[in-house]
Participant: 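Got a structure here, written out as structure tokens. Questions coming.
By convention in this document, chain letters (A, B, ...) are assigned in the order of the sequence lines, proteins followed by strands, and residues within each chain are numbered from 1.
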Amino acid sequence: GAGVSQSPSNKVTEKGKDVELRCDPISGHTALYWYRQSLGQGLEFLIYFQGNSAPDKSGLPSDRFSAERTGGSVSTLTIQRTQQEDSAVYLCASSLGGRTNTGELFFGEGSRLTVL
Amino acid sequence: AQSVTQLDSHVSVSEGTPVLLRCNYSSSYSPSLFWYVQHPNKGLQLLLKYTSAATLVKGINGFEAEFKKSETSFHLTKPSAHMSDAAEYFCVVSAASGGSYIPTFGRGTSLIVHP
């Protein structure tokens, strides 16, 4: 597509429920990132996918968080047993990746998660 | 290892006056540096980037940044602020480490523009 697409744009859930957030990157971008932005905070790195390599999960805050990327394209971030501190905007970004990667990111509009 | 420090959490200017948003970085490798802007309830947009070419980088909407290796700085400037510049600005450092690029974001600087 023309840009990075994320869904849902807004999600309200109850504490303890599972949620799935979806990201559709720019076509041809091999690198995909998930970041979390809490109110008034910077961006916190969560996970990084590059092509068919094993993802870098070093930023995931707990084992309740997981992500997958199917067919090197669409990615889903799953949060199990949500807690109130998980409330944030979850941002997905993609980039060219590979040898030409300069680290320039193209962001989606984000998924705002509210846990009641 | 890499990190970035944005020296001001808030900067307040009057419309028509210069803007200076300060950023210092550290990186074990030759870094690429970026400034992104985020308007309220919007996604992040790239303002400009430095990737080892000219040290003075021009971006969109009249913004510039100068890469100073000796000072490990990448400050963002604009000669004359406009009301529409009011937003959150993020300085970002990124360098290849074992073939991996994971950009690191600063905590952001909120630019307030007074009429």
Side-chain angles (χ1 to χ4, degrees), chain A residues 2-7 9-10 23-26 29-60 88-112 114, chain B residues 1-10 21 23 25 27 29-53 57 59-60 65 67 74 87-110 112:
Chain A
V4 177
S5 177
Q6 291 188 246
S7 61
S9 55
N10 278 285
C23 174
D24 196 348
I26 292 173
H29 281 191
T30 61
L32 186 147
Y33 305 78
W34 283 98
Y35 286 85
R36 178 169 70 175
Q37 185 175 28
S38 302
L39 188 62
Q41 301 296 311
L43 273 70
E44 175 190 6
F45 165 73
L46 297 178
I47 189 168
Y48 161 60
F49 296 88
Q50 172 56 61
N52 295 320
S53 302
D56 184 325
K57 306 178 182 180
S58 59
L60 294 179
V89 176
Y90 290 82
L91 292 165
C92 177
S94 68
S95 70
L96 279 171
R99 293 180 180 274
T100 58
N101 195 358
T102 60
E104 179 180 352
L105 302 179
F106 296 81
F107 282 89
E109 296 274 324
S111 291
R112 181 178 298 277
T114 303
Chain B
Q2 61 190 23
S3 67
V4 60
T5 302
Q6 292 184 241
L7 297 163
D8 306 290
S9 59
H10 296 84
L21 305 184
C23 172
Y25 71 92
S27 176
Y29 306 94
S30 296
S32 296
L33 292 157
F34 308 83
W35 278 97
Y36 287 84
V37 61
Q38 185 178 35
H39 288 92
N41 299 314
K42 297 289 186 183
L44 279 83
Q45 178 185 17
L46 180 69
L47 266 183
L48 49 78
K49 63 181 177 182
Y50 166 78
T51 56
S52 76
V57 181
I60 61 172
F67 173 70
F74 191 58
E88 192 82 13
Y89 292 80
F90 294 96
C91 183
V92 181
V93 63
S94 183
S97 174
S100 174
Y101 270 97
I102 300 178
T104 299
F105 282 73
R107 294 178 66 85
T109 298
S110 178
I112 302 160

Participant: Please find the pair of heavy atoms, one from A:V4 and one from A:C92, that lie closest to each other, and give the distance.
Facilitator: CG1-O, 4.0 Å
Participant: So that I know where these two stand, are B:F34 and B:F90 an aromatic pair - ring centroids less than 6.0 Å apart?
Facilitator: no
Participant: So for B:Q38, is it side chain, backbone, both, or neither that comes closer than 4.5 Å to the heavy atoms of chain A?
Facilitator: side chain
Participant: Is the ring centre of B:F105 less than 6.0 Å from the ring centre of A:F45?
Facilitator: no
Participant: Who wins among B:G43, B:P103, B:G108 for the most heavy-atom pairs under 4.5 Å with chain A?
Facilitator: B:P103
Participant: Measure distances from A:Q6 to the heavy atoms of chain B and classify the residue's part below 4.5 Å as side chain, backbone, both or neither.
Facilitator: neither
Participant: Given a strict heavy-atom distance threshold of 4.5 Å, which part of A:L91 is in contact with chain B: side chain, backbone, both, or neither?
Facilitator: side chain
Participant: Side chain, backbone, both or neither: which part of A:F106 has an atom under 4.5 Å from a heavy atom of chain B?
Facilitator: neither
Participant: Go through the steps for B:L46 and A:E104 under the test side chain to side chain contact (heavy atoms under 4.5 Å, CB included), then give the verdict.
Facilitator: CA-CA 8 Å; B:L46 180 69; A:E104 179 180 352; 2.9 Å; yes
Participant: What part of B:I102 gets within 4.5 angstrom of chain A, counting heavy atoms only: side chain, backbone, both, or neither?
Facilitator: both
Participant: Heavy-atom distance under 4.5 Å between the side chains of B:T5 and B:R107, does that happen here?
Facilitator: no
